[in-house]
Each structure stands twice: as structure tokens, then as C-alpha cells.
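Each ligand, and each atom within it, is numbered from 1 in the order the structure gives. Small disclaimer: the values here were computed from a predicted structure and weren't measured.
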Amino acid sequence: MSGYEGPMRVLSGIQPSGGMHLGNYLGAIRKFVELQHEYDCFYCVVDMHAITVWQDPAKLREQTFHIAASYLAAGVDPKIAAIFHQSAVRAHAELAWIFNCVARLGWLDRMTQFKDKAGKDKERASVGLYTYPVLQAADILVYKATHVPVGEDQKQHLELSRDIAGKFNHDFKADDFFPLPEPLIKGPKGQGGARIMSLRDGTAKMSKSDVSENACIFLKDDADAIARKIKKAKTDPEPLPSEPKGLEGRPEAANLVGIYAALAGKSDADVLAEFGGQGFGVFKPALAELVVEKIAPIGAELNRLEADPAYLKSVLDAGAERASTVADKVVREVKEIVGFVV
Ligand code: AMP
Ligand code: TRP
């Protein structure tokens, strides 16, 4: 982090564009809970990112509450960490514009998430989708966040945030004004969870937009749905190996072992020491039991919280106020550095 000497701070965000699933939990939210005890934490629902592709307005509002409720249900404490929605803190948009003038077209042209989301017909993608990673850099740097817990798919966007921070510091001769934020990709205590794959295809990441309804375990799935999806998960006919090396070339088996390890707080090697030589007829029921034990209580709490939107709104409002106090100050400093009259 070069010579930056400000406080250690964490920011992360999730888009309100669908139901929260096991990948989001293991790749992101579970880390949010751990980190709140070590750092000053800001957890955002990135509604402005969500509208880079079409969102039904009523659903967008509902999903914003869903993400906030997921943070709370997983164990983020709003008295410790700030939970808020991005559009309520105007400093994000203000800094994003300035960063649009720092980032280079060539940098954005390399972003793989844009290529994936825009598909073949990129002429019809929104301009917002193209400049999405610049807004993400603003989300992070408007708090001078030093650490960003995310899944592995966000690595490239984090590198862009570092490039923008570095170029800003350099161009304006503002040495170490912005930290160069570090991604936190591994699970707590270094366990897996960085990349959870689809239950129907071990080479595609678990995603809310998967066409197969059995591919993805949602936090709101009940015990029956969880057990059914795991039972139907794609596997191969071989028994489990007794060492991680034996998972090479077996993406579906590797994914199920990885999920077990991440939820049990063990390494893949520990799980294979226990289950090596067993078939999926034994391993799948054990996995289903563990997933139900860890996820079903979160789902129940999520349902309870979603039934109280007034409470959720009060959490978001208080979080936004707290976040604005930090972010407004940084934007004011940035305006001075850039030469705006303040
Ligand atoms: P998204 O649902 O794509 O908005 O992602 C929200 C957060 O969850 C980000 O930090 C992602 O990196 C993380 N995430 C999403 N899908 C997965 C997955 N399949 N495995 C691990 N992390 C994921
Ligand atoms: N791009 C992230 C995703 O798709 C969401 C996001 C927006 C984010 N702003 C952020 C993540 C800031 C971390 C920090 O998951």
C-alpha cells in the first residue's frame, strides 16, 4: 500500500439485482461479518450499479431491502458497520465523475465483466455498464478504503481501482492521498469460498441468473429445496479421492468438496481425509446436512427481517448518514486537489 498512512478501512458492495446465494455468502457476506470486528467497515447495496442493466423499479426497491436484510441475517451488526444504499450517498456519483476523467478508455476496454454482460451487441449496452468499474472505484475510494472483501471474479475491477488511485495521486502530485486498495479474496482463515461453481456445471460460477433452477442455492431456500438441489447436483461416477490432487479434472467433485470445506471451516485435505474413498451417495447427504445447518437459519432470519421494511429503511438511513460524513469530507478534499472552487 505504498506510503499511505490513513486508517485501515473496509468497503464492499453487492448489486440488488437478484436473490442472494451461496456464492455471495461464501465469496463475500461471510467475510463482511468477520471483518467488522477488525476494521472500520462500510457495506453498501449498489443500486446505481444495478441500473446499468434494466431493472424493474418495484423489484429494484424490494431487492435493495433483500440485500440489506441478507447482510443483517448473516450477522453484520449495524451498530458496528455502516449498512447503506449507494444512491443515498451522493458523494459516490460525484467522485465517479472525477474518476471518469482520470480512467483511460484503454483500461476499460480490457474489462472482462463488461464483455460478458454486454454480449455480442455491445453497441446497445448502456454507457453506465461501460463505466461501471469507475463507479466501483469511487465506491471504494470515497471512503479511502484499504481492503475490499469480494469473490475472485472482482479481481480485475480491484486492479482498476488501484490504477485509478495511483494515477490520481500521480497526476495531481497528491502523494498517497488515496490508498491502493487490496482485495480480500480468500475466505476467513484462508479457507475456500472465493469461487463457488454452479451445481449443474463445475466450470461455470454459481450465479443468480443461471437458467437451471437447481444450479444455485439461495439463502432463502428451505431445507427441502437445499437437499433436493444437492441430490441433483452433477457429479462423476468415481468415489472421492483421499487427497486434493485427485480432484484435478473433476470440477463438480472439487466444487462440492470446496463448499463442504468452506462451510465446515476445514481445508479440502481435511474433508478428503474424512470422505476419501466414499461415493457421492454418502458425501451428498452429509453435505446437504451441513448446508442446511449453516444456511437455513440465515434464510429464516432473512424472511423475518424482510417482513419489516420500516426497520430495514431505518438501518439504511442511519448507515447512509454515517457513510456521508466520511465520504463528503473526502469529496471536498478531492475538489480542492482538482482545482474546483469549494
Ligand atoms: P454479484 O452477485 O455478482 O453482484 O456478486 C456479489 C459478491 O458476491 C461479489 O463480491 C462477488 O465476487 C461474490 N460472488 C458472486 N458469485 C460468486 C460465486 N459463485 N463464488 C464466490 N463469490 C461470488
Ligand atoms: N462489481 C461488484 C459485483 O459485481 C459490486 C460492487 C460495486 C462492489 N461496487 C463495489 C464490490 C465496491 C466491492 C466494492 O459484485
Side-chain angles (χ1 to χ4, degrees), residues 9-32 35 41-53 55 63-64 66-67 70-71 74 84-87 89 92-93 95-96 99 111-114 116-117 128-162 164-165 181-187 191-210 215-219 251 254-255 258-259 262-263 323 327:
R9 243 183 222 152
V10 165
L11 173 123
S12 196
I14 296 186
Q15 296 186 66
S17 53
M20 286 290 88
H21 55 74
L22 191 61
N24 298 132
Y25 177 66
L26 292 173
I29 304 179
R30 183 173 68 151
K31 290 182 269 187
F32 297 2
L35 290 163
C41 292
F42 295 84
Y43 298 132
C44 189
V45 183
V46 288
D47 48 3
M48 284 156 51
H49 277 106
I51 63 162
T52 56
V53 299
Q55 301 294 331
Q63 281 164 352
T64 298
H66 171 66
I67 308 295
S70 300
Y71 292 168
F84 61 98
H85 52 311
Q86 185 187 32
S87 61
V89 181
H92 290 238
L95 185 59
F99 281 176
M111 295 293 118
T112 57
Q113 186 170 300
F114 173 77
D116 291 346
K117 285 201 178 179
L129 188 65
Y130 186 69
T131 188
Y132 174 120
V134 176
L135 177 59
Q136 182 163 347
D139 295 339
I140 298 167
L141 293 164
V142 84
Y143 302 98
K144 297 191 175 181
T146 53
H147 295 84
V148 185
V150 279
E152 201 171 20
D153 59 336
Q154 292 303 308
K155 222 169 148 180
Q156 194 184 36
H157 285 165
L158 259 290
E159 273 156 27
L160 186 89
S161 298
R162 295 166 64 85
I164 290 175
E182 305 269 355
L184 296 172
I185 295 194
K186 291 213 176 92
Q191 288 132 17
R195 198 172 172 82
I196 302 298
M197 311 310 279
S198 157
L199 298 182
R200 302 300 306 162
D201 174 1
T203 62
K205 77 168 181 175
M206 183 177 281
S207 151
K208 52 203 163 204
S209 49
D210 204 303
C216 178
I217 294 178
F218 292 98
L219 296 184
N255 186 39
I259 293 173
L263 286 172

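If you number the atoms of ligand 1 from 1 as listed, the ones under 4.0 Å from a heavy atom of H21 come out as 16 (N). Atoms of ligand 2 lying under 4.0 Å from any heavy atom of S12, numbered from 1 in the order shown and given with element: 13 (C), 14 (C). Interface of Q154 with ligand 1, defined as ligand atoms under 4.0 Å from a residue heavy atom, comprises 12 (O). Shown in contact with L11 at under 4.0 Å from a heavy atom are these atoms of ligand 2, numbered in order with element: 12 (C), 14 (C). Within ligand 1, the atoms closer than 4.0 Å to a non-hydrogen atom of A28 are 7 (C), 8 (O), 10 (O), numbered from 1 in the order shown. Those atoms of ligand 1 with a heavy atom of I14 less than 4.0 angstrom away are 6 (C). Those atoms of ligand 1 that come under 4.0 Å of a heavy atom in G27, given as number and element, are 21 (C), 22 (N).
A side-chain hydrogen bond (donor to acceptor under 3.5 Å, both in side chains) with H49 is found for one member of H92, Q136, Q86 and no other, namely Q86.
At a heavy-atom distance under 4.0 Å, only side-chain atoms of V148, from C-beta outward, approach ligand 2. Within the 4.0 Å heavy-atom criterion, the part of R195 lying near ligand 1 is the backbone and not the side chain. Contact annotation: for K208 versus ligand 1, heavy atoms closer than 4.0 Å belong to the side chain alone.
D47 places a side-chain N or O within 3.5 Å of a backbone atom of S87 that can act as its donor or acceptor partner. Between the side chain of S198 and the backbone N or O of A204, no donor-acceptor pair lies under 3.5 Å.
For atom 12 (O) of ligand 1, the nearest non-hydrogen atom from the set V150, I185, D153 comes from D153. Considering Y143, F42, Y132 only, the shortest heavy-atom separation from atom 1 (N) of ligand 2 involves Y132. Distances from atom 23 (C) of ligand 1 to the heavy atoms of S198, G23, G18 show the closest one on G23.
Closest to atom 6 (C) of ligand 2 among all protein heavy atoms lies G13 O, 3.7 Å. Of all protein heavy atoms, the one closest to atom 9 (N) of ligand 2 is D139 OD2, 2.7 Å. Counting protein heavy atoms only, atom 10 (C) of ligand 2 is closest to Q136 CG, 3.4 Å. What sits closest to atom 2 (C) of ligand 2 on the protein, heavy atoms only, is Q154 OE1, 3.3 Å.
In this structure the side chain of P16 never reaches within 4.5 angstrom of the side chain of H66, judged on heavy atoms. With contacts defined as side-chain heavy-atom distances shorter than 4.5 Å, the pair L158/I140 qualifies. The shortest distance between side-chain heavy atoms of R162 and P181 falls below 4.5 Å.
Taking 4.0 Å as the cut-off between side-chain N and carboxylate O, D210 and R200 do not count as a salt-bridged pair.
Remark: the Q113 side chain and the D153 side chain contain no N/O donor-acceptor pair separated by less than 3.5 Å.
Remark: ligand 1 and M206 share an N or O pair separated by less than 3.5 Å (distance only, no angle test). Considering both main-chain and side-chain atoms, P149 never comes within under 3.5 Å of ligand 1 through any nitrogen or oxygen pair. Between K205 and ligand 1, a contact under 3.5 Å exists for no N or O pair.
Taking the six-membered ring for Trp and thresholds of 30 and 60 degrees, F42 and Y143 have nearly parallel ring planes, at less than 30 degrees apart.
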